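Inspection log for the structure reproduced underneath, given as structure tokens.
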Amino acid sequence: MNNITLKSHPDSARTAGRNAGDMVDDRIEDGVFRVDRSVYTDRDIFAQELARIFTRTWVFLCHESQVPEPGDYFSTYIGEQPVFVIRGKDGEVRSFLNACAHRGAVLTPRRQGRALTLTCRFHGWCFNAEGRCTKIKNEKEGWPEASIRSEMSLKPVARVASYRGFVFGCLDPDVADLETSLAGAKEFIDLLADQSPEGLEVVSGSSDYIIRGNWKMQAENGVDGYHVGTVHRVFASAMANREQRDGVEGVRKTEAGRIAGGVPTGCYDLGQGHMMIWAGRSTPEAAPLWEARDRLLATYPEGKVRWMIERGRNLCLFPNVLLMDQPSTQIRVFRPLDVDRTLVSVYCIAPKGESPEARAARLRKFEDFYMVTGMATPDDLAALEDCESGAKATGARWNDMTRGLATMTEGPDEVAAELGAKPVTSNSCWDFETLYHGFYRRWSELMTETQEG
Amino acid sequence: MTMVETKAAPVTRDAVEELLFLEADLLDRRQWDEWLSLYTPDAVFWVPSWRNEDQTVENPELELNLIYINGRGGLEDRVFRFDSGDSYASLPLPATSHVVGSVRLLRQTDEQVEAGAKWIVATMSHRRGTQIRSGWYDYVLRRTEHGLRIARKKVTLLETAIDGTIDVYNL
């Protein structure tokens, strides 16, 4: 028996007459919030998402440490569209659609590289890091009257901005500025960015993997505290065995306390579709950042340092990136390949200047949990892929998202207030699902609002 | 060319092949305890990630790896998880077939033997059907009173975007 389904069949018949506006059933005043499972399977919806979400919101592109010097480029995607980020001679970070102005060949031969001049390998046209066409091979023979170079610049990504070193791009020139769009997520990004006075760096080495599931499942799973005690129970057992066998101490401790429970947790709807879960660390002295505690306490308010060191956090920035600071620190970028296929790229991000012991512990914890070749992430993927398969059972239409509704509060709870953070709603357990309301409201808003032009 | 710096009787390629083929067969037959017994207590099992399109990472301590296990206990952790019945991705556990070839002895001393090989592994999972992966092995085999044991196994995996479950049993 071969159960492989590489491409699901277009099944618009099953959702005939429904549109995106019918797929988020938001009647919270009546205690109802549910999402139609065809948001994960419907090919028409997927096409609309690419047009309405990925072209009109700030999409995470890379971290500035991935393009440190003039001419350094990083190739990535906004939805399906190839783009690259490049640092100019002036130090400015820019981004362009990754398509030669002539015949459209992708210009960057690698994911990351250095080139103050990008030469198209097809016909030899040259572009500088400001996107201007600097050379057309045999231009005079082709256009004897006048040079066309000045009209042949690369198409820039309409808006590029960086928040605390995290670079985002948007194809819509009229989008609200990045800081406004990051809404309540900013203070939580600061908790990462402020870990070292020298800033953060993406550590050498990375991994890409494919989820045979819809991209929104990755967004949800990254901030789903509810599955941790079931799907990752076996990880916690393996770590308990290890600690007993090897007598692991200090930063090498594996910090599985969040899985076993018994620590305070919570979740936030941060506005604009951004979401976060947090859990107290059962052994904060095992955090790789613990060594910096005195320095941090001398620099920042105690409440902020408590957030940095004593609470692990998974932050999902709508629509395409997760910033994790749990046992290790991760940028997890996800890209929709198809309605039921998502490409995930994972990077370890770490404070510059940390000790080799802390760095090694951070990396080993990353490999144990976050790597697709590790002992936790494959179990997440299997669960998501079963949800993708189950979503095709058309008679079972709805995903309920009201768990924890009774304890949801508007605005910041006491814990968020320690940081001065301003979530739209707060909830007192990371098992609760009220954080998804913001994500699907933002989704619904983008999918249904009338587009101009 | 095999470099020999040994007073003891030199290890032959046949003996090395026998060990590598035995390891492959024990994995395919899920004889986990026998498989673990092929490793020294301080064994390193290393699958580097790719630093860029041309190079894997070279410093496993301070760069990110796909797998970096220092000590046989780390292999026991892996077996514990995928054999527990409690790992979502590992129930049912994919079946595997390892093919090991192009075995070469690279260097040997009184203490150890270095050998290289190439591998192809078919993994049959109910989620993805049968998938073929391949790569290289670099082994350090230690001479012990029980015969040759694996002190270090480096697996170079030729796959850009990992599609499916990969663990120590199907590398």
Side-chain angles (χ1 to χ4, degrees), chain A residues 1-4 109-113 202-212 227 230-235 237-239 241-242 245-246 328 337 341 343-348 356 359-360 362-364 366-368 370-386 389, chain B residues 45-74 76-92 94 124-131 155 157 159-168 170-171:
Chain A
M1 192 174 69
N2 190 338
N3 286 341
I4 292 185
R110 296 169 178 281
R111 178 177 295 187
Q112 266 182 282
V202 170
V203 182
S204 171
S206 69
S207 168
D208 290 356
Y209 55 88
I210 288 169
I211 300 177
R212 297 197 184 185
H227 79 286
T230 43
V231 172
H232 301 312
R233 179 175 57 210
V234 68
F235 180 85
S237 304
M239 293 305 105
N241 292 348
R242 178 189 293 179
R245 181 188 63 227
D246 299 345
S328 185
L337 298 178
R341 282 169 91 84
L343 184 81
V344 183
S345 302
V346 299
Y347 303 93
C348 181
R359 178 62 59 88
R362 188 184 296 280
L363 287 163
R364 300 298 84 77
F366 193 110
E367 291 152 5
D368 278 343
Y370 290 145
M371 273 301 194
V372 74
T373 42
M375 294 190 286
T377 297
D379 297 321
D380 287 311
L381 266 56
L384 297 190
E385 293 180 358
D386 276 2
S389 299
Chain B
F45 190 107
W46 179 28
V47 188
S49 79
W50 288 83
R51 190 189 283 163
N52 55 42
E53 288 80 356
D54 301 318
Q55 298 170 308
T56 64
V57 298
E58 289 169 1
N59 180 351
E61 286 294 326
L62 295 176
E63 292 181 282
L64 186 64
N65 309 285
L66 291 174
I67 298 176
Y68 180 52
I69 291 170
N70 225 321
R72 190 172 59 200
E76 292 167 10
D77 295 341
R78 296 278 172 153
V79 171
F80 169 81
R81 172 182 159 273
F82 62 66
D83 196 39
S84 66
D86 199 25
S87 157
Y88 205 133
S90 318
L91 187 73
M124 182 186 74
S125 78
H126 80 290
R127 293 176 185 281
R128 281 171 167 69
T130 301
Q131 293 181 304
V155 185
L157 170 66
E159 182 150 308
T160 50
I162 292 172
D163 184 17
T165 298
I166 294 180
D167 206 333
V168 294
N170 65 342
L171 287 170

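Just so we're on the same page: letters track the sequence lines, and every chain starts at 1. When reading the values below, keep in mind they use all heavy atoms of this one structure, side chains included, and skip hydrogens, waters and symmetry mates. Keep in mind it's a predicted model, so treat the numbers as computed, not measured.
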Looking only at side-chain N and O atoms, does Y88(B) offer a donor or acceptor that is under 3.5 Å from a partner on D386(A)? yes
Can E63(B) and R359(A) be counted as an ion pair, charged N to O under 4.0 angstrom? no
Ranked by heavy-atom pairs below 4.5 Å to chain A, first place among V168(B), I67(B), T165(B), D167(B) goes to I67(B)
So which of R51(B), M124(B), E53(B) has the biggest tally of heavy-atom pairs under 4.5 Å with chain A? E53(B)
Report the residues that fulfil salt bridge (charged side-chain N to carboxylate O under 4.0 Å, His left out) with R242(A), sequence neighbours left out, ordered by chain and then residue number. D368(A), D77(B)
For the pair R81(B) (side chain) and V234(A) (backbone), establish whether a donor and an acceptor sit closer than 3.5 Å, ignoring hydrogens and angles. no
Can you check whether L66(B) reaches M371(A) side chain to side chain, under 4.5 Å on heavy atoms? yes
Contacts of F82(B) that satisfy ring pair (Phe, Tyr, Trp, His ring centres under 6.0 Å) - sequence neighbours left out: W32(B), Y169(B)
Measure distances from T160(B) to the heavy atoms of chain A and classify the residue's part below 4.5 Å as side chain, backbone, both or neither. backbone
Indicate yes or no: at least one non-hydrogen side-chain atom of R127(B) is less than 4.5 angstrom from one of R212(A). no
Looking at chain A, which one of G164(B), S90(B), P60(B) has the largest number of heavy-atom pairs inside 4.5 Å, strictly under? P60(B)
Who wins among D54(B), D163(B), N70(B) for the most heavy-atom pairs under 4.5 Å with chain A? D163(B)
Short question: side chain of E367(A), backbone of L64(B) - any donor-acceptor pair under 3.5 Å? no
Do I162(B) and T373(A) make a side-chain contact, defined as non-hydrogen atoms from C-beta onward lying under 4.5 Å apart? yes
Under a 4.5 Å heavy-atom cutoff, which of L62(B), N65(B), V57(B) has the most pairs with chain A? N65(B)
Within-4.5 Å side-chain heavy-atom neighbours: S237(A) and D86(B): no
Would you find a donor on one side and an acceptor on the other, under 3.5 Å apart, between the side chain of R364(A) and the backbone of E61(B)? yes
Sort Q131(B) into side chain, backbone, both or neither according to what part of it lies under 4.5 angstrom from a heavy atom of chain A. side chain
